[in-house]
Amino acid sequence: MSSSLEENLKLLTSDEEVLGRIDVRHVDQVAYQVVSQKHGRLAILQSAEEKSIWKRIISRLELSFTETFLATEWRDVVLGQAVADADGYLAAKRPGRGRALGHLQKAQVWQAIDEFTSELASRKLWTYDSICVEAARILAESPSKPYGHVVVDEAQDLHPVRWRLLRAAVSEGPDDLFIAGDTHQRIYGATVSLRSLGIRVAGRSSRLTINYRTTAEILGWSLGLLAGQRVDDMDEGLESLSGCRSDVHGSPPRTAAYATKAREMDELAARVRTWLDSGVAPAEVGVAARSNTLVDDAVTALRRVGIAAGSLAQVLPGDAVRVGTMHRMKGLEFRCVAVIGAGEHQMPMAGAVTPVEEDKSLHAADLQRERCLIFVACTRAREDLHVSWHGNPSPYLTPLL
Ligand SMILES: Nc1ncnc2c1ncn2[C@@H]1O[C@H](COP(=O)(O)OP(=O)(O)OP(=O)(O)O)[C@@H](O)[C@H]1O
């Protein structure tokens with residue numbers, strides 16, 4: 001997405017001097033650079049290793065918590081609220097955490113987290129979150145800031161550790177932070193209160209209601225995916241979709257069910273061929289899928305019939321159809337979009353949803369994120385949207401069928 005933003009920046013100016021002063025980067029890259037300047041090359045803890053460290057701690061301390069629970073408690077409560085010690089953790093509120101903890105349980109959780117962070121420190125291992133914490137600390141202590149102004153896009157997906165980093169990356173003053181986001185498109189992380197992070201948006205924000213990208217037909221249909229959902233406004237209130245509109249009209253989105261994946265892939269290739277034959281450039285066709293496997297399947301199906309196509313995970317030539325996971329589709333747009341594999345077994349994706357018996361709140365948040373993902377994918381289409389699946393449709397789609 002940052003390369004797409006960088007490209008679009010060139011539509012605003014071609015002045016190399018101006019472009020040279022604008023740094024378009026993922027916030028984690030900013031954090032890595034700040035921390036590596038001080039500590040050298042950083043070794044990143046891989047998720048399988050993280051799990052096994054938590055598992056060892058759970059078994060050593062004979063705890064009844066799962067590794068997911070402890071990892072989330074560390075990330076969202078300890079790092080999220082910048083808790084520094086046991087007393088801070090015992091006093092911390094735990095909004096959005098499904099399982100209530102008594103005093104003794106909190107002491108056990110703190111001991112586990114303390115052992116976990118000590119192990120990371122002794123092995124010199126970092127997570128992307130801990131890099132952000134360290135970067136924010138370094139920048140907060142430094143009198144000189146790397147940026148004069150910071151523009152934040154896709155703000156709904158940033159964890160508090162990233163907000164603290166961004167806050168510390170620019171001195172406080174007029175036009176220090178400009179924030180754009182849409183909480184209906186939250187596909188990572190959980191609800192954040194900007195107020196609690198010292199970022200004041202009340203009375204200083206505007207709601208954009210006109211959608212210039214897509215047709216009224218595609219917008220109306222896609223908004224149906226979110227009907228009845230309560231969505232926050234990042235400032236301790238609720239966001240609304242009322243008044244959202246598009247003034248451009250076109251064909252209504254089409255949906256199609258197939259008996260098998262193979263058939264769905266064949267029909268995808270036929271659909272893309274129709275778009276290309278009608279004059280749509282290959283790079284203006286996007287195909288969105290929930291999993292990497294399905295992305296590969298779609299690329300193979302398109303190439304099999306002679307259509308140049310590639311995954312958005314790679315650098316693509318200008319004349320190829322873009323196929324990507326729904327996560328990769330964020331922030332992009334295409335004249336025509338095919339959302340594939342929108343079936344009951346793919347959306348929500350079972351592996352991405354915490355079991356309800358493990359953590360009720362995480363379970364609900366995960367389901368909501370899956371719903372937002374399909375909304376994000378569908379709203380990438382400017383003119384034509386085609387949604388398909390094999391087997392039964394996703395429960396997110398059934399109210400619209
Ligand atoms: N005022 C405008 N007049 C005409 N076209 C516009 C205007 N504002 C935006 N657009 C066009 O609408 C499309 C979507 O704009 P943009 O990418 O800024 O939206 P967005 O809110 O960031 O979308 P999302 O968050 O869903 O990715 C782009 O093609 C952009 O060029």
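The first residue of the sequence shown is numbered 1, and numbering continues consecutively from there. FYI, side chains are in, hydrogens and waters are out, and symmetry mates aren't considered; it's all heavy atoms of this structure. Order of appearance sets the numbers: ligands from 1, and atoms from 1 within every ligand.
Classification of R263 and D266 as a salt-bridged pair fails, no side-chain N sitting under 4.0 Å from a carboxylate O. Taking a cutoff of 4.0 Å between a charged side-chain nitrogen and a carboxylate oxygen, D235 and R200 do not qualify as a salt bridge.
Under a cut-off of 6.0 angstrom, the local environment of NE2 in H345 is sparse, with at most 12 non-hydrogen atoms contributed by other residues, nucleotides or ligands. No more than 12 heavy-atom neighbours from other residues, nucleotides or ligands sit within 6.0 angstrom of CG on D175.
The only option from R380, R322, R382 that meets the salt bridge (Lys or Arg N to Asp or Glu O under 4.0 Å) definition with E333 turns out to be R382.
At least one cation-pi condition fails for R167 and W163: the charged atom is not both under 6.0 angstrom from the six-membered ring centre and inside a 45 degree cone around its axis.
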Give every pair made of an N or O atom of ligand 1 and a protein N or O atom lying under 3.5 Å apart, one pair per line with both atom names and the distance to 0.1 Å, or write 'none'.
from     : atom 1 : to   : atom 2 : distance (Å)
ligand 1 : 17 (O) : R213 : NH2    : 3.2
ligand 1 : 23 (O) : R213 : NH2    : 3.1
ligand 1 : 26 (O) : Q185 : NE2    : 3.0
ligand 1 : 26 (O) : R213 : NH1    : 3.0
ligand 1 : 26 (O) : R380 : NH2    : 2.9
ligand 1 : 27 (O) : R213 : NH2    : 3.2
ligand 1 : 27 (O) : R380 : NH1    : 2.9
ligand 1 : 29 (O) : E333 : OE1    : 3.1
ligand 1 : 29 (O) : E333 : OE2    : 2.6

